[in-house]
Amino acid sequence: MKKSVFLGALTVAGLAATAGAAATLDDVKARGKLNCGVATGVPGFAAPNASGEWEGFDVAVCRAVAAAVLGDATAVEFVPTTGKTRFTALASGEIDMLARNTTWTFSRDTDLKFTFVGVNYYDGQGFMVPKALGVSSAKELDGATVCIQTGTTTELNLADFFRVNNISYEPVPIETNAEAQQQYLAGACDVYTTDASGLAATRSTFENAADHVILPEIISKEPLGPLVRHGDDEWGDIVRWSLNAMIAAEEYGVTSANVGEMSAAAGDNPEVNRLLGTEDNLGAMIGLDAGWAKNIIMSVGNYGEVFESNIGAATPIGLSRGLNAQWTDGGLLYAPPFR
């Protein structure tokens, strides 16, 4: 869920330069489907349902781009990636974009040669422990064994936190969320640490979820969002504005239920008209038709709808909007103007 510390930056940069030379939009249209990198399985964010269909908060970003480009939100090939494999998959061209609770960092943006197109979830690293352990603060974890995903900056954040607080720990390396859950429940580690949203998602699947607590400390900033290759600017614009369309739609009250009616004729709000293609034609600027954003909202929903149906307070994940509320409601969510 965070930066790979094992992937060679030069290798990634070379792969990105090669893959970035291709016209990704043309490739996706010719292929008739979007290849989108996701997690191997995080409930509420990206996981196959009982029918084998991928669903979740991050999955919705993939589907939004497919709806914008192909007019079909189901035209997606989902490629599961781990913390170690995700960047190689993107750099090599195996996937067209990555939407896998990945943190936007300086080195990923510059050294690894990727372009983050926005933030779809503002998060932070936390700790989960069995209630029976009897601790109420991460500062009480001296000597604990900690399950930690390899190939991520989680290790660096963890080391910094324990060093600053002059306590020790023993790492238990794991590669996927499923493995972490298995090891944690088996007692192979006292603590599981990852993004707080991931902890809530994992805990929601436990048979006795109430027996486990997420400690109050948040020890890092984790702005999670989709990314593309450096040099793939036109494609990056499409992914960026597909996410922004979902965010802006919520702000302006455009939903999957009313978008058809609102796009039937121009209304009184010029921003909404431009978003829905009834005034001007912003889609032409990014190689898409006028109804690209309408397709997203109609088939995927606005940001709020996607949040509430996948990870919101009424779901087993049970996350509040918090920092991910619209800027008008005291959160950080903000889409640039559609004009």
Side-chain angles (χ1 to χ4, degrees), residues 1-5 7 9 11-13 15-17 19-20 24-25 28 34-39 42 45-46 56-66 68-69 79 81-125 149 151-154 156-157 194-195 197-198 220-248 286 296 303 306-307 323-324 327 331-336:
M1 294 183 181
K2 307 174 185 78
K3 178 191 169 185
S4 171
V5 293
L7 191 59
T11 300
V12 172
L15 289 170
T24 306
L25 175 59
V28 172
L34 171 73
N35 293 332
C36 196
V38 291
V42 179
F45 285 86
F57 185 73
D58 289 331
V59 164
V61 178
C62 304
R63 296 201 183 279
V65 175
V69 174
V79 180
T81 63
T82 68
K84 283 185 175 181
T85 66
R86 55 186 167 173
F87 296 133
T88 304
L90 179 59
S92 68
E94 178 186 355
I95 55 177
D96 304 308
M97 58 178 285
L98 183 64
R100 183 201 177 281
N101 47 354
T102 296
T103 304
W104 188 349
T105 70
F106 180 95
S107 57
R108 289 173 180 174
D109 207 330
T110 60
D111 191 35
L112 295 188
K113 307 301 182 186
F114 295 121
T115 297
F116 285 79
V117 300
V119 176
N120 72 322
Y121 193 89
Y122 291 93
D123 210 344
Q125 184 176 333
Q149 289 193 43
T152 70
T153 52
T154 306
L156 303 179
N157 295 335
T194 189
D195 298 335
S197 64
S220 68
K221 292 184 294 185
E222 307 295 338
L224 311 177
L227 55 153
V228 299
R229 293 175 286 271
H230 262 199
D232 218 352
D233 294 345
E234 291 80 7
W235 177 246
D237 287 342
I238 290 171
V239 180
R240 175 181 298 108
W241 286 98
S242 294
L243 174 59
N244 284 334
M246 297 168 67
I247 295 171
I286 53 176
I296 293 174
Y303 181 94
V306 171
F307 189 104
L323 295 178
N324 298 290
W327 67 285
L332 298 179
L333 214 61
Y334 191 111

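Counting begins at 1 with the first residue of the sequence.
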> Of all residues at least two apart in sequence or in a different chain, which pass the ring pair (Phe, Tyr, Trp, His ring centres under 6.0 Å) check with Phe307?
Replying inline: Phe57
> Minimum heavy-atom separation for Ala66 to Leu34, with atom names?
Replying inline: N-CD2, 4.1 Å
> Listed by chain and number, what are the ring pair (Phe, Tyr, Trp, His ring centres under 6.0 Å) partners of Phe116, not counting sequence neighbours?
Replying inline: Trp104
> Should Thr24 and Asp96 be marked as a side-chain hydrogen bond (donor to acceptor under 3.5 Å, both in side chains) after you check the CA-CA gap, both sets of side-chain angles, and the distance that decides it?
Replying inline: CA-CA 7 Å; Thr24 306; Asp96 304 308; 5.5 Å; no
> Taking only residues two or more places apart in sequence or in another chain, which ones pass ring pair (Phe, Tyr, Trp, His ring centres under 6.0 Å) with Trp235?
Replying inline: none
>> Please give me the minimum heavy-atom distance between Cys36 and Ala99, naming the atom from each residue.
In response: SG-CB, 4.1 Å
>> Minimum heavy-atom separation for Val38 and Cys62, please, with both atom names.
In response: CG1-SG, 3.9 Å
> Asn157 and Glu222: side-chain donor and acceptor closer than 3.5 Å?
Replying inline: yes
> So, Thr115 side chain and Val228 main chain: donor-acceptor pair closer than 3.5 Å or not?
Replying inline: no
>> Tell me whether Asp195 contacts the main-chain N or O of Gln125 through its side chain, where contact means a donor paired with an acceptor under 3.5 Å.
In response: no
>> Is any side-chain heavy atom of Leu332 closer than 4.5 Å to one of Asn324?
In response: no
> Between His230 and Asp109, is there a donor-acceptor pair closer than 3.5 Å when you use the side chain of the first and the backbone of the second?
Replying inline: yes
>> Donor-acceptor pair, distance only, cut-off 3.5 Å: does the side chain of Tyr303 make one with the backbone of Asn120?
In response: yes
> Rounded to the nearest 0.5 Å, how far does CE of Met97 lie from CG of Asp232?
Replying inline: 11.5 Å
>> Going by side chain to side chain contact (heavy atoms under 4.5 Å, CB included), name the residues that satisfy it together with Leu98, two or more places apart in sequence or in a different chain.
In response: Thr81, Arg86, Phe87, Leu90, Ile95, Arg100, Thr102, Leu227
>> Holding to salt bridge (charged side-chain N to carboxylate O under 4.0 Å, His left out), I want the full list of residues that pass it with Asp58, two or more places apart in sequence or in another chain.
In response: none
>> Any heavy-atom pair between the side chains of Gln149 and Thr194 that's under 4.5 Å?
In response: yes
> Which residues satisfy the side-chain hydrogen bond (donor to acceptor under 3.5 Å, both in side chains) test with Thr82, sequence neighbours excluded?
Replying inline: Thr85
> What heavy-atom pair brings Ala39 and Ala46 nearest, and what distance separates the two atoms?
Replying inline: N-CB, 4.2 Å
>> I need the Thr103 OG1 to Tyr121 OH distance, nearest 0.5 Å.
In response: 12.0 Å
> CG of Leu224 to CG of Asn101: how many Å apart, nearest 0.5 Å?
Replying inline: 6.0 Å
> Are side-chain heavy atoms of Ile286 and Glu234 found at a separation under 4.5 Å?
Replying inline: no
